[in-house]
Structure formats: C-alpha cells, structure tokens
Amino acid sequence: MADYRPQALDKKWQERWTSARAFEVTEDPSRPKFYCLEMFAYPSGHAHVGHVRNYIIGDVMARTKRMRGFNVLHPFGWDAFGLPAENAAIKSGIHPETSTLANIAHMKGQLQRLGISYTWEREFATCEPTYYKWNQWLFIKMFERGLAYRRRSSVNWCEKDQTVLANEQVVDGGCWRCGTPVTTRDLEQWFFKITEYADDLLESIEQLGQWPDKVLTMQKNWIGRSEGTRVQFGEIEVFTTRIDTIFGATCVFLAPEHPLVEKYAAESDDPAAFRKRAIAFRTQDRTARLTGEIEKEGFFTGHNVVNPFTNEAVPVWIANFVLGEYGTGAVMAVPAHDQRDFEFATKYGLPIRVVVQPNPAVGGTPKKLDEAYVDYGRLVSSGEFTGLTSEAALARMGEWVEQKKIGKRTVQFRLKDWGISRQRYWGTPIPMIYCDTCGIVAVPYDQLPVELPKVTNFTGRGDSPLAQVPEFVNVPCPTCGGKARRETDTMDTFVDSSWYFYRFCDPRNDTLPFEPARAKYWMPVDFYSGGVEHAILHLIYSRFFTRVFRDLGMVDHDEPFKHLLTQGMVLKDGAVMSKSKGNVVDPDDMLQKYGADALRLYVMFVAPPEKEVEWSDAGLEGSWRFLARIWRFVDQWCDAARGAPSTATFGAEGLNQAERQLRRRTHETIRRVTVDVEQRIHLNTAVSALMELVNDLYAYGETLTIGPPRPQARAVLREAIDALVIMVSPFAPHTAEELWERLGHVDGLTKTPWPSFDDQAAKPEEIVIPVQVNGKLRSRLTVPAETPESELRALALADSAVRAHTDGKTVKSVIVAKGKLINVVVA
RNA sequence: GCCGGGGUGGCGGAACUGGCAGACGCACAGGACUUAAAAUCCUGGGUUCGGCAACGAGCGUGCGGGUUCGAUUCCCGCCCCCGGCACCA
C-alpha cells in the first residue's frame, strides 16, 4: 500500500495544470460566467498563512464553480507601488523596482505551491508602465470632466513618511501605515471629486444585499449624510440640522479657519492680538480638536449679525470647537438645545433661551437648565411657528427660509474629496504640466505613459523625489511649446487598486484600459474576498471609479462587487501575525511537512471564513489525517470501484439495506456540500459533511470484509468515492486529482462536472421522530418515512416511555411537526 | 452618545424557515492490533443526582422577564466583548 505522500503530488499536478493552461478562459456567451476575485496583493516579501487564507477561500469557490459549469475568471496580480518599498530603498539603497520584482517572484511561487487555480496568463503588476499608463489616462479623463482638480488646502501630513495622507488614511489621528500623529500642512494638491457621487454612493448601499452589514455600516458612517438648512445671519452663512430651534439662536460661532476671521481681525482694535488668538486655536492639537478632548474656548469678534427669524442682533464669536471643513464653518449657537453651545454659553455668560418644550409639556418653562434639552418637542416663543412640533417646524421653517431667499435646505456630507497627490517616488506620475502662459495642461494622450524616471538616490526628504530629475521636470508645454514644468507628485496607490478588477477582463489591451464588451461580459465581480481593513478605503474608491467609468460610457453597471466576503485574520499566540512580533507562520514550512492540501483543508475547516482564527499545528495535523484517511480508503477499494457498474443499473429493490444507506448518505452529502459552498459560503461545514461521508464509508467498508464485493456494492462504492473525490477537490486538489487518476478516470478533475444530487436516492426509508411530553424529550419513534400523522399520533400515545409521563393526566393536544417531532401536551 | 456584529462543552465550532442543543474536528480517556511504542481501527464523554450497569431524573446556549405546545433562534429590559462613526452643528 502506497503511503500518502502529498509533497510529490503537489508538484506533479501543479506542473500538469500549468502546461495545460487549465485555468485560462475566454468570454463564452453560451455559459454562465463567474468572476471570482481575491483582493490582489501588496508584494511585501513573504505571504503568511493569514494572507494565504483569503486565496484559498477564493480558490475553493473558483474550483467549485468551474465544476458546476460556470465559465470562471480567477485572476491575480500585484498592487506593486507603495511606500514600504521606497522606505526600504532609503535604508538599504536597493531600488524599489528591484525589491518589488523580487518580492513578486517569491510570493507568486508561494501561491503556485499552494495550487491556487489562477489564470496566471492575466497577471500584471501596477508598477508596469502598461498598467499605470491607464491611471494617467483616467486621470486626464477625470480632469477634463472636472472630477480631478487642483487646489491649495490644509492637508493631513505624516512627518515620518514625509507625505500627504487622504482622510481615509488617518486612523485615530495617526498615519494608517506607521501610526505617527498626523499634522497639517498647506499644500497645492490634486483631488478627485468623490463628493460628486456622495448621494449615489450612499443610496446604492441598499443594492449591496450580499455585502456584510458591518461594511455597509462603515460606509454609511463614512459618507455621513445629514439633512439641514443653510441660513444667512447677515454676512455669515450657517449650517444647521435644527432650524426648529432658531428662535433660541443667541449667538453665532465661527471656526478659527473661517475666511471672515481675517476681516474681523483687521477691523478690530488690536489686529495682531486677534490673529494670535485665532491662530492659537487653529494650531491646537488636531486630534484633540477633532475628538472633543479640549476645553471649549472662544472670544467675541466685536461684530454682531442679525438672526433672520427674530431680527435681533446676535454677537459673533470665534470658537475652537467649530470645524472649518464641515458645513459652512459657522454655526448658530442655541445654548438651550445643544449641549456644546450650552456649556460654552454657561462659561461665557451668553443668553440661554428655551424655544422647544418636551411634548407633551411637563410644566412651565424651567427657570434654570442643568443641561440642554436636545430632543424634539413643541415650539414655544417662536413667533408664528409657536405650537408646531419640531418635525413640522423643520419643514415649515425650511420653506420660509427659501421663500425669503436667505438660505436653502441642503444635504451635508462628512465625506470629503479624495486628495491623491503624494510627495513620493514609487507611484504613478501625475500626467500634468505647468506652463507660465497656458497654466495647467494635461499631457496629450498620445504621449502616455509618462514614465517614472529611474531615480537612484533616495533621501527621504520632504520634497518629491521626481523634482530632482531635471530631464523629467523640464519639458516643453504641449500647447504653446514654451518652457514648462512637469508635476512631480505621484498618485496615491489607492488609485491603482480602484479599478484593477476591470483590467483583469482585458489585461493586454494597449488602446484602452479595457474593452467595454469584455468588461460587460465579466463584470461585476461575482465573489470578492479580502480583509475588512479595506471596508472603507479601497471599497469606496472602487465604487467611485465604477461610477466614473459608467459616466464615461464604458460600463453599464453601478456596483463592481456583487458578493463581498471579509475574511477573518489568522492569529498566532493571540496576536496578528507580523514579522516584528516574530509570530509568522510561513505556508512553505507547512507545505514541506504536510503538503498544500492539508494546509488548504485545515484553513477552510477551522472556522467560517469571516471569523478570526487562532493558528493550531494540531489542527493542521488533524486535516492531514483526514486526507490520509481518504487516501487509505480509496487505496483499499480502488480496484473494486474502478469500472464498477452505475447505481442506475440496479433498481432500488436491487440494493440491500446497507447499500441503500450508503447511497442515501452519498446524495445527502452532495446536497449539503453544494449548498454550503455555493450558497451559504460555509466552507467549514462543507468539510464536516465530507468527513461524515468518510466515516460512513469506513463503516460501510466494515460490512464488506468477507469475499469480493458483489456488483451492487461496487456500484454504490464507486458512486460514493467518485462524489467524495470530486467534492474534496476544491479543498485538496492535488490529492483529489491523484486519486481520480487511480480510479481510472482519464479526464482530469478540471474537466469533470460536479456530481448531481438525486432527491429519490437521498430519501430515507425510515425516520426517527423524537417525542416530547410538554416540551421535554421522552422517547423516539422509528417509523417508515411516509407514516401518516394519525398513526404517528397513536404510536406516540402508546409508547411506554411517553405513557410513564402521561398516565393519570389529561392529554390536551398532540402536536405533530411534519417529519420533525411530536409533542404531547398534558395537563 | 449613535450605528453594526457577537456571547453555545476543556478548545475551534455545528444547529438551514421556532422543532432531538453540542454535528465535525482538536485535546483527552479506554479498547483492539503490537514483544513494545508510533501509526491505524473501534469506543466514550455538557453537567449534577441515583444506579455495578443498561438506564432514569433534574439543570444547561451571557443575565432577568415575555410570547409559544415547544426558544440558541422571536419580543422587551439589562450585562459584557469586538468593529465603525463622533465637539459633524
């Protein structure tokens, strides 16, 4: 008997798949398509089992769908630009391109050794000019439509990485990459106008029925829609969501960044002191200011404006807690009905006027408030609006404002435009040229790509490395031919990953980013999996780019990803694996010990794909044992099964009880595994079902020890073994292929259809029905499957164990849940 | 504070539409095979009480209530853990 030696099988079958180009596909309108995608990889060097889990999940889906008759696109590529490679270059002097390509080569080898069924024919890396050319093309398209624009603004800045960060890249006030506290700088930057699509992005969330709630919530929170009204208080426009409280607005607060601050400073008695105080607010720790951990402070500007509802003059203050970047940068202060305004007003002795009462009213107007009343209620002291509920007042007062032309009802978003300029080298050059006479000019399409020049000296200084290359910077203006300068910033690498899934549809196209007809066939991605850490950044940017392509007329769908799975992390010793912690499990070590299939199977079996799991060597060994158990069984019964007649040859009555039983278990397992993998994505229970079938096979094997099996036995064995080998193949493809070959099949598993489920064969002849008395289990009835309800009722009442609990009592009713359970209710 | 997810044996987890709680695996224990061990095959196990045992009775899915013949599942009120947003006007 040949022992199970998976390592040799891995190599043998990987070579066969490669030489047969077994996973390359073309558009085929006659078959349903399935686009299966795992988030492509940043080539950090080595993939650990946490990374690899995601690729295995995708591979199980892809391999299953292929056998289920789908035309499956399952590509892979590399998110190859990015800071770590450049930071390494500053330290080691190794050029980012060199290290990136080496890392890709290594990681590709790791994935191939795992037998992931990628169509490597479509592989690309985003650092290739043939890819980033289309980033530039798209940038210019967006520039032409006003979706890419340049402005000076205060931006998030990471001192350590010496570059700008998008809002999405600031996590808890620190850099998402290194955690360094984020500061601000004023810089000229390129922005993508994602806010143009804020409503669209938010509303379409309802269409994402196959995305996890968690991710939808995060996106909703991130977009942060609120309805309100903009109103002029004289020359100051404020934004409020509570216009129903406007009769209580006794003050107006400006953000220290507000444009009027400078004007008021100039008009004040001591402009220098005024400015100094405002600047002090502006430079207060950004994180603390954003999270409200600072003391509320402010000062009077010396100016008053008019509350348009009361026609009273109200003072204008500058307050440190008002944010310049949200709304209009100015708020009306209603101390009685907003807790922050209340605290501020109490501190500085500003008037507090109650204009909303709880509804129904709880006594008269309180003399003194302890805190703001922030709930909705009924309006008091509000002129013609007095007596309205808050809800009614919001509508009526909004209309009033619009009639008087002093403001309008609007929707405000938290989402801001996406700053994409990065003062770094290893990214896509922004294809723009600055000419003194013509202004900002796009590089003509026929001059794309603007190639990244070879810079060899990485200093890590704050200016763009590309600025050090005069041949790159100094170019003639495309419009007038005069002297001009190139943009020296590169694009945020999240631009690269926002549309790569379209490129996989047509990766070698050199006239367009992709042929619309091809994208139409393959898109949207049917199954997309990756880490939750991309729930906001990557997934919102990709949805934005899809809308840009849509509005360019290149695609006709709104959403790029139909089903999203956020895979859980693999922990070691309770912590996320990382090189610095030294708790990394390298898949290659596991492959050497147990082979690719045991690793694949274990990672799928240990927990549902979206759950975090703790790595366990013992668990891996258990999965290896399961494969060896299949191996031994097939080895023992291979000859009997090979060439056995089909079960269809024998009528149901031709099979004995054990044979019918095995057949039933086979078909039950087909049903369970198919549903678990294809519909429920419960890959762990699919594996359990296969384990149960193997246990059944062993039990059946016990009954066959004497003499050679009869044809009927060989038939049910063959059916069970074939189904088992096919169904285990998405999890353990190398072992399965080898067994399949030994079973005498000529076509490999990549060309074999999934077994079909026979409802009749799966139907049990006898069923066990639990019998409860008053909801407590007392007995079980073993009866023919089709026993009528009346008979079940009689049998249950006659059962001795049941009668022990019913004798001497009145049977009130007998509930029969069809095929499931009987409950006798007694008093 | 607001929004979302979760809490089940020693451990990972299962229970699909309200119907036998703990499938499957890990670890553990016992048996068979073996001179012995490993490997393999078989068996056992939520917990308490009674019994040599087969078995029987009670309790049991974070806590407290409720609906129901019946609740891990539905409803109400709490506690705890994880994730997101948050001086956002």
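In what follows, every chain begins at residue 1, and chains take the letters A, B, ... in the order their sequences are listed. What you see is a predicted model, and the numbers here were worked out from it, not measured in a lab.
In this structure, A/Asn695 reaches the sugar-phosphate backbone alone: every heavy-atom distance under 4.0 Å involves primed, P, OP1 or OP2 atoms, never a base. Across all strands shown, A/Thr240 has heavy atoms under 4.0 Å from sugar-phosphate atoms exclusively, and none from any base.
Residue A/Arg414 places its side chain closer to B/rC85 than to any other of B/rC85, B/rG13, B/rC16. Closest to the side chain of A/Val606, out of B/rA86, B/rG25, B/rG12, is B/rG12. For A/Asp213, taking side-chain heavy atoms from C-beta onward, the closest of the listed nucleotides B/rG4, B/rC85, B/rA15 is B/rG4. Comparing atom distances between the A/Tyr326 side chain and each of B/rG19, B/rA89, B/rC16 picks out B/rA89 as nearest. Between B/rG12, B/rC26, B/rA89, one nucleotide has an atom nearer to the side chain of A/Ala618 than all others, and that is B/rC26. The listed nucleotides are B/rA15, B/rC20, B/rG58; the one nearest the side chain of A/Leu821 is B/rC20. Of the candidate nucleotides B/rG19, B/rG5, B/rA89, B/rA89 has the atom nearest to the side chain of A/Val322. Looking at the side chain of A/Arg632, the nearest of the listed nucleotides B/rC41, B/rA14, B/rC16 is B/rC41. Nearest nucleotide to the A/Met691 side chain, out of B/rC88, B/rG19, B/rG25: B/rG25. Across B/rC41, B/rG25, B/rG19, the shortest atom-to-atom separation from the side chain of A/Gln772 is found for B/rG19.
Comparing B/rU73 with B/rU67, their C1' atoms are spaced 14 Å from each other, to the whole Å. Rounded to whole Å, the C1' atom of B/rC26 lies 11 Å from the corresponding atom of B/rG13. Nucleotides B/rG62 and B/rG6 are separated by 11 Å at their C1' atoms, to the nearest Å. Comparing the P positions of B/rA15 and B/rG50 gives an interatomic distance of 37 Å, to the nearest angstrom. Comparing the same atom, C1', in B/rC2 and in B/rC11 gives a spacing of 36 Å after rounding to whole Å. For the C1' atom pair drawn from B/rA38 and B/rA32, the interatomic distance equals 15 Å after rounding to whole Å. B/rC24 and B/rC74: their C1' atoms are spaced 29 Å apart (whole Å). A distance of about 15 Å separates the P atoms of B/rG7 and B/rC75, rounded to the whole Å.
Not less than 6.0 angstrom separates the ring centroid of A/Phe299 from the ring centroid of A/Trp317. Here A/Phe253 and A/Phe344 bring their ring centres to under 6.0 angstrom of each other. The aromatic ring centroids of A/Trp222 and A/Tyr541 lie 6.0 Å or more from each other.
Side-chain contact annotation: A/Glu391 with A/Tyr376, donor-acceptor N/O pair under 3.5 Å absent. There is a side-chain donor-acceptor pair under 3.5 Å between A/Asn695 and A/Arg629. At a cut-off of 3.5 Å, with distance as the only test, no side-chain donor of A/Trp211 or A/Asp213 sits close to an acceptor on the other residue. Looking at A/Ser623 and A/Tyr594, their side chains never bring a donor and an acceptor atom within 3.5 Å of each other.
Mapping A/Glu692 and A/Ile815 onto RNA chain B by nearest heavy atom places A/Glu692 closer to the 5' end of the strand. Take the nearest nucleotide of RNA chain B for A/Ser616 and for A/Thr685: the residue whose nucleotide is more 5' is A/Thr685.
In this structure, A/Arg353 is not positioned above the aromatic face of A/Phe247 in the sense of NZ or CZ being under 6.0 Å from the six-membered ring centre and within 45° of the axis.
A sub-4.0 Å separation between OP1 or OP2 of B/rC26 and a side-chain N or O of A/Arg625 is present. Of the side-chain N and O atoms in A/Arg778, one or more sit less than 4.0 angstrom from OP1 or OP2 of B/rA57. Dashed line: the shortest gap from a side-chain N or O of A/Asn684 to OP1 or OP2 of B/rA23 is not under 4.0 Å. Within the structure, every side-chain polar atom (N or O) of A/His337 is placed at least 4.0 Å from both OP1 and OP2 of B/rA89. For the pair A/Arg629 and B/rC41, the criterion of a side-chain N or O lying under 4.0 Å from OP1 or OP2 is met. At B/rG13, one or more side-chain N or O atoms of A/Lys611 fall inside 4.0 Å of OP1 or OP2 (strictly under the cut-off). Phosphate contact (OP1/OP2 of B/rA89, side-chain N/O of A/Ser226, threshold under 4.0 Å): present. Distances shorter than 4.0 Å separate some side-chain N or O of A/Arg340 from OP1 or OP2 on B/rC88. Phosphate contact (OP1/OP2 of B/rA89, side-chain N/O of A/Lys296, threshold under 4.0 Å): absent.
When the P atom of B/rC88 is taken as reference, atom CD of A/Gln412 falls 13 Å away, rounded to whole Å. Atom pair A/Tyr602:OH and B/rC24:C1' shows a separation of 14 Å (rounding to whole Å applied). The distance from atom NZ of A/Lys776 to atom P of B/rA71 is 10 Å, rounded to the nearest whole Å. Computed from coordinates, the A/Leu777 CG to B/rA71 C1' distance equals 16 Å when rounded to whole Å. Per the geometry, CG belonging to A/Asp617 stands 15 Å off C1' belonging to B/rC11, to the nearest Å. The nearest whole Å value for the distance from the CG atom in A/Leu697 to the P atom in B/rC41 is 13 Å. Rounded to an integer number of Å, the gap from CZ of A/Phe605 to P of B/rA14 is 10 Å.
Across all strands shown, B/rU17 forms no Watson-Crick or G-U wobble pair with both key distances under 3.5 Å. With a cut-off of 3.5 Å on both Watson-Crick or G-U wobble distances, the partner of B/rG4 is given as B/rC82. Base-pair partner of B/rC74: B/rG66 (Watson-Crick or G-U wobble, both distances under 3.5 Å). B/rG60: no Watson-Crick or G-U partner with both key distances under 3.5 Å is found in any strand.
For A/Asn221 against B/rC85, a side-chain-to-base donor-acceptor contact under 3.5 Å is absent. Interface remark: the A/Arg780 side chain does form a donor-acceptor pair with the B/rC20 base, using a distance-only criterion of under 3.5 Å.
Sparse packing is recorded around NZ of A/Lys593, with 12 or fewer heavy atoms of other residues, nucleotides or ligands lying under 6.0 Å away.
B/rG9 shows a glycosidic angle within 90° of 0 and is accordingly assigned syn.
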